[in-house]
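Keep in mind the model is a prediction, meaning the values are calculated, not measured.
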Amino acid sequence: MVGRRTNRRRLADRRRSARRYRRDPVARFDDRNWPGAGTIMVATDNLFARGVRMLHEEAIELTLASLLVYWDRHEHVAIAWSGGKDSTAVLTLTVHMIEAGMLRRPTRLYVLYADTRQELPPIQASAELIIAMLRRYDWIEVIVVRAPIEKRFMPYILGRGVPPPNNNTLRWCTRQIKVDPMAAAMAVVLERLPGTLLTITGVREGESARRDGRIAMSCSKDGAECGQGWYQQVLPNAKGIRGRTATLAPILHWRVCIVWDWLKVFAPQAEFGGWPTAILADAYGGDDATEINARTGCVACPLAAEDTALRVICDIDGWQHISPLQELRPIYRWMREPAQRLRKSGVERLKSGAIAKNPQRMGPLTLEARGAALERILDIQRRVCAGAAHAGRPERGIDLINAEEEALISHPDHGPDLSR
């Protein structure tokens, strides 16, 4: 309780700070050694005149400097948006900077939203509200990106029988339902555009050791320098877009507390766009969240050590009805057990005649297991929707499996025949 009271006082201090700086908008950029510092003095007066003097003002300054270095090197600009905290922060901040005159308004800003169909309900609700706001701008084009139906999370497991992903041997979900569809959508955008595309991402250091390692190994690639963000001129292994798009991570240096400040305190204010982002900070635990706790964006993520985000959301007023979703992870663990899997029988020989390693290895899920899991997941979905309706908020229901996906899963050629 002491910690929560301290965090509430801290949040109140931040709000008072924002009000104080709106009354005294005298701050401006100091002369810095980063690229572009001497060219953005007018823009900074504009920015701080609108009240952007933040607790972590240098982080904002570096982000703007990074964007200015690369903004005009490419004919077109896109933002890769997952709906999570980091990409939402960079999206809303970038749009605000364009509207405030600090960045040149592009002829068209492409916002590619990765709809995995697995987002936590408050995150999905916030994303839908943000999309509605973005579509009010005639210079922004929002493209909702989804994987082909047969490759989505639930149809792939229950229709094709592929076991739920795990961190050891079968981590297929991120690439299949997010990365590959986004690369395909990017290729479609580039097909109709001349020149090159700058893609803005919300990648940050500190999110994971694996990602930090990749950043460290390539921090000086393509002429990028420290303080300019993580700039890469190519997307490796992406068909159709290699060499025609570059990625920039302008909030690479942000700590998670800066993200919370932007989403919770500043972005929702009219001066910065009035974005419906506070719910994201609440969903991740707000000021009580840690970097580790704030990394899960999917419902009952089978790869997370703990389902902290979902547990936090279930304690928020207005979202208690989604508590049945906490039953999903035990179902995923049950499906990975040997009793629910087919197994190779006998000796398997390679073309060379040698005996294959790992004989009698486990394969896909049995039809019986898939049918049982489908019924349990649909029951969870029904209870969540019933709870939302009972609370007078039917729009806060969920469709883990929609009618089209259920039809595909239950088709005799794809999944279990549930007619019996």
Side-chain angles (χ1 to χ4, degrees), residues 115-120 146-181 296 298-307 310 322-351 354-386 398-420:
D115 183 3
T116 65
R117 303 259 308 116
Q118 292 294 305
E119 301 301 332
L120 290 161
R146 298 187 187 95
I149 185 171
E150 68 277 3
K151 291 189 174 183
R152 295 175 193 169
F153 190 80
M154 292 297 185
Y156 198 62
I157 294 172
L158 302 175
R160 293 196 61 181
V162 178
N166 64 73
N167 283 311
N168 298 322
T169 59
L170 198 64
R171 186 169 180 157
W172 54 264
C173 52
T174 303
R175 175 164 294 279
Q176 181 158 306
I177 66 177
K178 182 181 287 187
V179 177
D180 288 347
T296 304
C298 293
V299 173
C301 174
L303 302 178
E306 294 185 36
D307 206 357
L310 180 56
I322 71 170
S323 58
L325 295 176
Q326 297 180 86
E327 301 170 24
L328 287 170
R329 278 163 60 93
I331 296 175
Y332 297 150
R333 287 194 296 268
W334 174 81
M335 282 192 282
R336 286 198 295 266
E337 293 175 356
Q340 280 63 252
R341 308 273 293 277
L342 297 174
R343 188 181 290 274
K344 276 276 188 181
S345 60
V347 175
E348 182 183 3
R349 292 190 177 274
L350 304 176
K351 291 182 179 180
I355 296 176
K357 296 180 180 179
N358 194 16
Q360 297 187 338
R361 64 186 180 276
M362 290 190 293
L365 298 165
T366 66
L367 284 175
E368 292 77 11
R370 290 149 66 184
L374 175 61
E375 286 296 342
R376 292 167 66 182
I377 293 170
L378 289 175
D379 177 64
I380 291 171
Q381 180 170 294
R382 283 190 290 267
R383 284 185 282 141
V384 171
C385 292
I398 196 169
D399 62 341
L400 294 167
I401 303 173
N402 62 29
E404 182 185 17
E405 292 166 347
E406 184 180 355
L408 177 70
I409 291 168
S410 302
H411 194 280
D413 292 341
H414 298 278
D417 181 5
L418 300 182
S419 60
R420 61 183 188 277

Closest non-hydrogen contact found for P155 with I409 is CA-CG1, 3.8 Å
Donor-acceptor pair, distance only, cut-off 3.5 Å: does the side chain of W334 make one with the backbone of A369? no
Compare every heavy atom of L365 with every heavy atom of M335, then report the nearest pair and how far apart it is. O-CD2, 3.0 Å
Short side-chain to backbone donor-acceptor contact, Q176 and K151, under 3.5 Å: yes
Min side-chain heavy-atom separation R382-C385 under 4.5 Å: no
R329 side chain to A304 main-chain N or O, any donor-acceptor pair under 3.5 Å? yes
Report the distance from atom CG of L374 to atom CD1 of I401, rounding to the nearest 0.5 Å. 5.0 Å
Indicate yes or no for a side-chain donor-acceptor contact from E405 to the backbone of N402 under 3.5 Å, with no hydrogens or angles considered. yes
Nearest heavy-atom contact between I331 and A373 is CG2-CB, 4.3 Å
Hey, are the side chains of I177 and R117 touching, using non-hydrogen atoms and a 4.5 Å cut-off? no
Rounded to the nearest 0.5 Å, how far apart are CD of Q381 and CG of L378? 6.0 Å
Separation between CG (L342) and CE (M362), nearest 0.5 Å, reads 11.0 Å
Mind checking the CD-CZ spacing from Q340 to R333? Nearest 0.5 Å is all I need. 13.5 Å
Measure the spacing between CG of L408 and CE of M154 and express it to the nearest 0.5 Å. 14.0 Å
Which pair of non-hydrogen atoms, one from L328 and one from L400, has the smallest distance, and what is that distance? CD1-CD1, 4.0 Å
Apply the test side chain to side chain contact (heavy atoms under 4.5 Å, CB included) to residues R383 and E327: give CA-CA distance (whole Å), side-chain angles for both, the deciding distance (0.1 Å), then the verdict. CA-CA 12 Å; R383 284 185 282 141; E327 301 170 24; 2.7 Å; yes
Judged by atom type as modelled, is there a donor-acceptor pair below 3.5 Å linking the side chain of R341 to the main-chain atoms of R336? yes
Taking C298's backbone N and O only, do any of them form a donor-acceptor pair with Q118's side chain (distance below 3.5 Å, no angle check)? no
For the student: nearest non-hydrogen atoms of Y332 and P302, plus distance: CD1-CB, 4.0 Å
Has R146 got a side-chain atom pairing as donor or acceptor with D115's backbone, closer than 3.5 angstrom? no
Does any part of the side chain of V299, heavy atoms only, come nearer than 4.5 Å to the side chain of I322, both counted from C-beta? no
Under 3.5 Å, is there a donor-acceptor pair between the side chain of R175 and the main chain of D180? no
Measure the spacing between CG of L310 and CD of Q326 and express it to the nearest 0.5 Å. 5.0 Å
Minimal heavy-atom distance between V162 and W172, with the atoms involved, is CG1-NE1, 3.8 Å
